2 protein chains.
Amino acid sequence: MVKYLDANLDNVFAALADPVRRKMAQSLASGERTMSELAAPFTMTLPAILKHIGVLQKCGIVITEKRGRVRYCRLDPAKLMDAQTWLEETGRFWNDKLQALNTYLESENNENQN
Amino acid sequence: MVKYLDANLDNVFAALADPVRRKMAQSLASGERTMSELAAPFTMTLPAILKHIGVLQKCGIVITEKRGRVRYCRLDPAKLMDAQTWLEETGRFWNDKLQALNTYLESENNENQN
DNA sequence: CCAATACTTTACCAAGTGGTAAAGTATTTA
DNA sequence: TAAATACTTTACCACTTGGTAAAGTATTGG
């Protein structure tokens with residue numbers, strides 16, 4: 001059995017429970033962005049944006065670095081992997097069952113075609 | 001590009017952001033459970049348990065059914081899959097990069113061993 | 001049919017979340 | 001060095017979340 005870093009999974013899942021933060025993460029999925037670039041698609045004020053980035057940063061999904069007056073942000077996929085792993089492990093039993101059912105239905109379907 | 005049912009991803013991720021609810025989901029991962037069975041490992045009151053199950057149910061992770069005076073709960077892995085898919089898609093770019101780095105480091109390592 | 005079981009509803013509360021406005025700091029740029 | 005840029009901090013507010021206690025409902029079991 002895998003030992004999950006449960007306390008941080010709380011924060012990772014909570015961070016991803018907001019559409020603004022998910023869109024930010026998706027934006028970062030293709031490369032580095034500045035705070036202003038991340039803020040651009042949204043109408044909210046900069047302090048609100050800063051809070052969202054703070055949430056992503058605190059749980060380790062996003063790493064930031066300030067160069068001059070600009071803060072650059074990038075994704076750390078390891079934390080996303082933690083969440084993914086939890087979902088895989090939890091869903092496995094049922095996915096296996098569905099898989100088995102699916103295989104069964106397909107084989108039945110093939111028999112009907114013969 | 002996959003179209004995510006964004007509003008419900010909010011709820012799925014939020015549901016999984018709580019250790020009580022994740023433990024419930026893990027418990028359900030191996031089969032059906034009654035409310036009392038789900039409640040047993042925790043010290044909190046039944047109304048609190050009911051709220052947690054309600055959150056899991058509202059976002060579709062858990063399906064419940066009342067038979068007699070007992071409510072039975074089971075997992076619907078499809079919603080977990082939605083979250084998993086989002087994580088895979090978002091992490092892919094960086095995972096590919098890490099994969100490439102890893103491959104590179106391994107090949108370097110092999111060269112040093114020769 | 002009365003009591004025990006298994007939830008369920010209602011009312012309430014403290015703490016956390018997601019937003020704002022306004023003012024402040026640190027780096028360029030002209 | 002003065003003005004513009006790119007955040008950052010502070011103070012505040014409405015709403016949601018996670019819990020409680022207490023009372024209520026619906027099914028069994030004796």
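Remember, it's a predicted structure, so these values are computed and weren't measured experimentally. Just so we're on the same page: letters track the sequence lines, and every chain starts at 1.
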**OP:** Can you figure out which of C:dT5, D:dC7, D:dT20 approaches the side chain of A:Met35 most closely?
**Re:** D:dC7
Subject >> Nearest to side-chain heavy atoms of B:Lys66, which nucleotide of D:dT8, C:dT8, C:dT20 >> reply: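 Of D:dT8, C:dT8, C:dT20, C:dT8 is nearest to the side chain of B:Lys66.
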Check: [X] side chain, [Y] main-chain N or O, donor-acceptor pair, under 3.5 Å:
{"X": "A:Arg22", "Y": "A:Leu16", "value": "yes"}
{"X": "A:Thr85", "Y": "A:Met81", "value": "yes"}
{"X": "A:Arg21", "Y": "A:Ala15", "value": "yes"}

Subject >> Separation of C:dG19 P from A:Met44 CE (nearest whole Å) >> reply: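 For the pair A:Met44 CE and C:dG19 P, the rounded distance is 4 Å.
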Original post:
A:Leu46 has an atom CG; how far is it from atom P of C:dT20, in whole Å?
Top reply: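 About 11 Å, once rounded to whole Å.
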Give a yes/no answer on whether the side chain of [X] brings an N or O atom under 4.0 Å of OP1 or OP2 in [N].
{"X": "B:Lys51", "N": "D:dT20", "result": "no"}
{"X": "A:Arg71", "N": "D:dT8", "result": "yes"}
{"X": "A:Thr45", "N": "C:dT20", "result": "yes"}
{"X": "B:His52", "N": "D:dG19", "result": "yes"}
{"X": "B:Arg21", "N": "D:dG18", "result": "yes"}

